[in-house]
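Presented below is the structure to which this report refers.
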Amino acid sequence: MNESEHKSLDFIRQRVSDDVANGKNDGRVHTRFPPEPNGYLHIGHAKSICLNFGLAEEFGGKCNLRFDDTNPEKEDTEFVDAIREDIRWLGFDWDAEYFASDYFEKLYLWAIDLIKQGKAYVCDQTVEQVREYRGGWDKPGKNSPHRDRTVEENLDLFSRMKDGEFKDGEKTLRAKIDMNSDNMNLRDPAMYRIRHATHHRTGDQWCIYPNYDWAHGQSDSIEGITHSVCTLEFEQHRPLYDWYVGQLEVHHPQQIEFAKLVISNTMMSKRKLTELVAGGFVEGWDDPRMPTISGFRRRGFTPESIRSFTKRVGITKHNSTTDIALMNLCIREHLNRIAPRVTGVLDPLKVVIENYPEGEFEMRTTGVNPEDENAGTREVPFGRELYIERSDFMEDAPKKFFRLTVGGEVRLRNAFFLKCNEVVKDETGEIVELRCTYDPETSGGKAPDGRKVKGTIHWISAVHAIDAEVRLYDVMFENEDPSDVPEGKDWKDLINPNALVVKQNAKVEPILAEASAGAPYQFVRNGYFCVDSKDSQPGKLVFNRTVTLKDAWSKQQKKGGSPK
RNA sequence: UGCCCGAUGGUGUAAUGGCAACACAUCUGGUUUUGGUCCAGACAUUCUAGGUUCGAGUCCUAGUCGGGUAACCA
């Protein structure tokens, strides 16, 4: 990356590029991705991952993975493992892996340094007292009565805090900065709190734990991070970040903030996603409705599509909401290129071709992927009894309906023209079968007499088809902004009940019995699907619809309100 | 109420003082044995008002609107 390639760098890449050009940090670029292991990674994290690892790649630098595990009560190794897996799946590998807890000892020693410098003190105030003394935006703060303890007293107290002599909440270590600052973070922020809790890595070794601000900058510093990228809500923490590393006179990374990802119709709050899992509103963190990396993976999204999405979203400093349609575009674009075409009939309707001999079959040749010449062809059986999609037939069709109607003719994809002669219904009036005839002269898909058909529909040989369950997904929230909850409602009331629709009686091609979990397929005219990695079993196949195809017909139907 | 940050089509971004560009979405039309793909077309005086300048989306000032911010969370 040289200076002449200036164009179109986002503001962070621009800044890093300038720093490299100016020889800052000896031209070194070292970033880190610092998740707290208290939940699974979501698509918002993917943006940060792509940024941090991308920066390292583009500038010939390094990127660490650091687990920000300073709050033992919320964290767990389950999350550590899941985070590693998700990052790898996205296609990134970290140069070094650390935990903030690796630095507990170092941080403790540094805290003692600060106490000795008279820049930190042990405070006995309760949470309520601290809040009261902090003042407000319009009110100056008041000094804690413990602010002027001697160094000796502080050293003694802090050591006893560490030794477990006090109960949770009884004391804190605070930085002595300025109780009058315009920036609330600088009004003597807490550095340590007492928590007699078992940490997922350090066990019961510690009962005092560093707060985020005290841990983060120093962790960055220890690792030689040059650019510490985080989201906008940490903007007003930067002065504190700078104050700590400044007082300690250690390597000083540059914190840079960017706007986090917001996607329409999508819940991005980790806290609320945790609630969905805990409350059983979804199957788990990897439920295909979830905006988690593991949810997208199980749903059939590819790492390429997610990386492409984060690239298109861009990096800026202002809050914006990205249309979920952009995600769909990215995954369709990728799957269109790579997914083999197969037939899956979601709502089967039996078709009997009266002029096709009983018990006879022939093989029809079909292209595997029209977007990929090298994909080759495949043979599929055709016979007297087929299944077609229920929505491909209408008794009273509107003029723009290009599919099968009574007396009308349609093309069976890669096969023949088909005409419907008669509708067979059960006692409830439901259509159970179509009696049809085919035209053997139209084998190539064209009629020798030149007559045309407007529509082409997919079909599957009834005796060859295998059963499958198919799960259709939609946005999890019907409102664009799921955090905008109407009066008297809970945000969970806004969950789209149709976010998951299960088709129990789908018919798919026998070849799909061997499909491996996650491998993408296009069910022609129905969308992109993959075998579910958890629930699918031999003999009881389960497919997830990753995304629909663009569908001009259903769009037109909705608009015109024409009959279904 | 203080402080910090931001503002370019319906949406997301670009333009680094010099012709407002790209993509999505939407709408038209063409191609098509997937109502897919592909192709072509339509869609903005850059929040407002002043200022600096030959020239401002970009720099300055003021305002408006939006976001963040007062855990012993991260």
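Order of the sequence lines sets the chain letters (A, B, ...), proteins ahead of strands, with each chain counted from 1. Predicted model only: the values in this text are computed from it and were never measured.
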Practice task
Write down the distance between OH (A/Tyr192) and C1' (B/rC73), rounded to a whole number of angstrom.
Solution key: 17 Å
Handout entry: Short side-chain N/O contact to B/rU26 OP1/OP2 from A/Lys555, under 4.0 Å
Key = yes
Handout entry: Rounded C1' spacing from B/rU58 to B/rU8 in Å
Key = 11 Å
Practice task
Remember a base hit wins even if backbone is also touched, and classify A/His216 as base, sugar-phosphate or nothing at under 4.0 Å, heavy atoms.
Solution key: nothing
Problem - Any donor-acceptor N/O pair, A/Arg187 side chain to A/Met179 backbone, under 3.5 Å - result: yes
Problem - Closest heavy-atom pair and its distance - A/Asp69, A/Ser101 - result: OD2-OG, 2.6 Å
Exercise for the section: For B/rC73, take OP1 and OP2 only and decide whether either is under 4.0 Å from a side-chain N or O of A/Lys74. Expected result: no
Problem - Paired nucleotide for B/rA21 [Watson-Crick or G-U wobble; both distances under 3.5 Å] - result: B/rU13
Practice task
Pick the P atom in B/rA23 and in B/rU48, then give their distance to the nearest Å.
Solution key: 26 Å
Practice task
Quick one: closest heavy-atom pair of A/Ala447 and A/Phe417, and the distance?
Solution key: CB-CE2, 3.8 Å
Handout entry: Pairwise C1' distance, B/rA14 and B/rG9 [rounded to whole Å]
Key = 14 Å
Practice task
Give A/Gly314 one of three labels, base, sugar-phosphate or nothing, depending on what nucleic acid heavy atoms sit under 4.0 Å from its own.
Solution key: nothing
Problem - A/Trp137 ring over B/rU69 six-membered base ring, under 5.5 Å and 30° - result: yes
Practice task
Between B/rC24 and B/rA42, how far apart are the P atoms? Round to whole Å, please.
Solution key: 15 Å
Exercise for the section: Please check the phosphate of B/rC73 (OP1 and OP2 only) for any side-chain N or O of A/Arg193 closer than 4.0 Å. Expected result: yes
Completion exercise
A/Asp484 CG to B/rG66 C1', in whole Å, measures 14 Å
Problem - N/O (side chain, A/Arg403) to phosphate O (OP1/OP2, B/rG35) under 4.0 Å - result: no
Practice task
Using both distances under 3.5 Å as the test, list the Watson-Crick or G-U wobble partner of B/rG41, or none.
Solution key: B/rC27
Handout entry: A/Phe258 CZ to B/rG68 P, straight-line distance once rounded to whole Å
Key = 17 Å
Completion exercise
A/His146 NE2 to B/rC72 P, in whole Å, measures 15 Å
Practice task
Figure out the NE2/C1' separation between A/His196 and B/rC72, and round it to whole Å.
Solution key: 13 Å
Exercise for the section: Return the value, rounded to whole Å, for the distance between atom OH of A/Tyr212 and atom P of B/rA74. Expected result: 9 Å
Practice task
Using a 4.0 Å heavy-atom cut-off across all strands, classify A/Glu36 as base, sugar-phosphate, or nothing.
Solution key: sugar-phosphate
Handout entry: Distance test, side-chain N/O of A/Thr316 to OP1/OP2 of B/rG6, below 4.0 Å
Key = no
Handout entry: Whether A/Ser181 side chain and A/Met184 backbone form a donor-acceptor pair below 3.5 Å
Key = no
Exercise for the section: Under a 3.5 Å limit for both distances, which nucleotide forms a Watson-Crick or G-U wobble pair with B/rU34, could you say? Expected result: none
Problem - B/rA21 to B/rU46 separation - P atoms, rounded to the nearest Å - result: 13 Å
Practice task
Would you tell me if any nitrogen or oxygen in the side chain of A/Ser320 comes within less than 4.0 Å of OP1 or OP2 on B/rU13?
Solution key: yes
Exercise for the section: Would you classify A/Phe401 as touching base, sugar-phosphate or nothing, given that sugar-phosphate means primed atoms plus P, OP1 and OP2, and contacts are heavy atoms under 4.0 Å? Expected result: base
Practice task
Using a 4.0 Å heavy-atom cut-off across all strands, classify A/Val313 as base, sugar-phosphate, or nothing.
Solution key: sugar-phosphate
Handout entry: NZ/NE/NH1/NH2 to OD/OE distance under 4.0 Å, A/Asp213 and A/Arg238
Key = no
Exercise for the section: Kindly state whether the ring of A/Trp214 and the ring of A/Tyr244 have centres lying under 6.0 angstrom apart. Expected result: yes
Practice task
State which of B/rU34, B/rA74, B/rG6 makes the closest approach to the side chain of A/His318.
Solution key: B/rG6
Problem - A/Val127 side-chain proximity, nearest of B/rC72, B/rA70, B/rG35 - result: B/rC72
Handout entry: Opposite nucleotide pairing with B/rG2, Watson-Crick or G-U, both atom distances under 3.5 Å
Key = B/rU69
Problem - Candidate list A/His146, A/Glu132, A/Arg174, A/Lys171, test side-chain hydrogen bond (donor to acceptor under 3.5 Å, both in side chains), partner A/Gln125, passing option - result: A/Arg174
Problem - Rounded interatomic separation in angstrom, taking NZ from A/Lys317 and C1' from B/rG66 - result: 16 Å
Handout entry: Where the chi angle of B/rA42 falls, syn if within 90° of 0 and anti if not
Key = anti
Exercise for the section: Determine the interatomic distance between C1' on B/rG55 and the same-named atom on B/rA70; round to the nearest Å. Expected result: 47 Å
Exercise for the section: Rounded off to whole Å, could you give me the CD-to-P distance for the A/Glu235 and B/rA74 pair? Expected result: 20 Å
Problem - Side-chain N or O of A/Arg195 closer than 4.0 Å to phosphate OP1/OP2 of B/rA71 - result: no
Practice task
For A/Gln125, answer base if it contacts any base atom (sugar-phosphate contacts may also be present), sugar-phosphate if it contacts only those atoms, and nothing otherwise; contact means non-hydrogen atoms under 4.0 Å.
Solution key: base
Problem - B/rU1 to B/rC65 separation - P atoms, rounded to the nearest Å - result: 11 Å
Completion exercise
5'-most contact on RNA chain B (nearest-nucleotide basis), A/Phe11 vs A/Thr126, goes to A/Phe11
Practice task
For the pair A/Ser219 (side chain) and A/Ala100 (backbone), establish whether a donor and an acceptor sit closer than 3.5 Å, ignoring hydrogens and angles.
Solution key: no
Problem - Check ion pair A/Glu36-A/Lys270 (N to O, under 4.0 angstrom) - result: no
Problem - Assigned partner base of B/rA62, Watson-Crick or wobble definition, under 3.5 Å - result: B/rU48
Completion exercise
Closest to the 5' end of RNA chain B, once A/Asn185 and A/Thr442 are matched to their nearest nucleotides, is A/Thr442
Handout entry: Integer angstrom distance from the P of B/rC3 to that of B/rU61
Key = 15 Å
Practice task
May I ask you to verify if any side-chain N or O of A/Arg134 is less than 4.0 angstrom from the OP1 or OP2 atom of B/rA71?
Solution key: yes
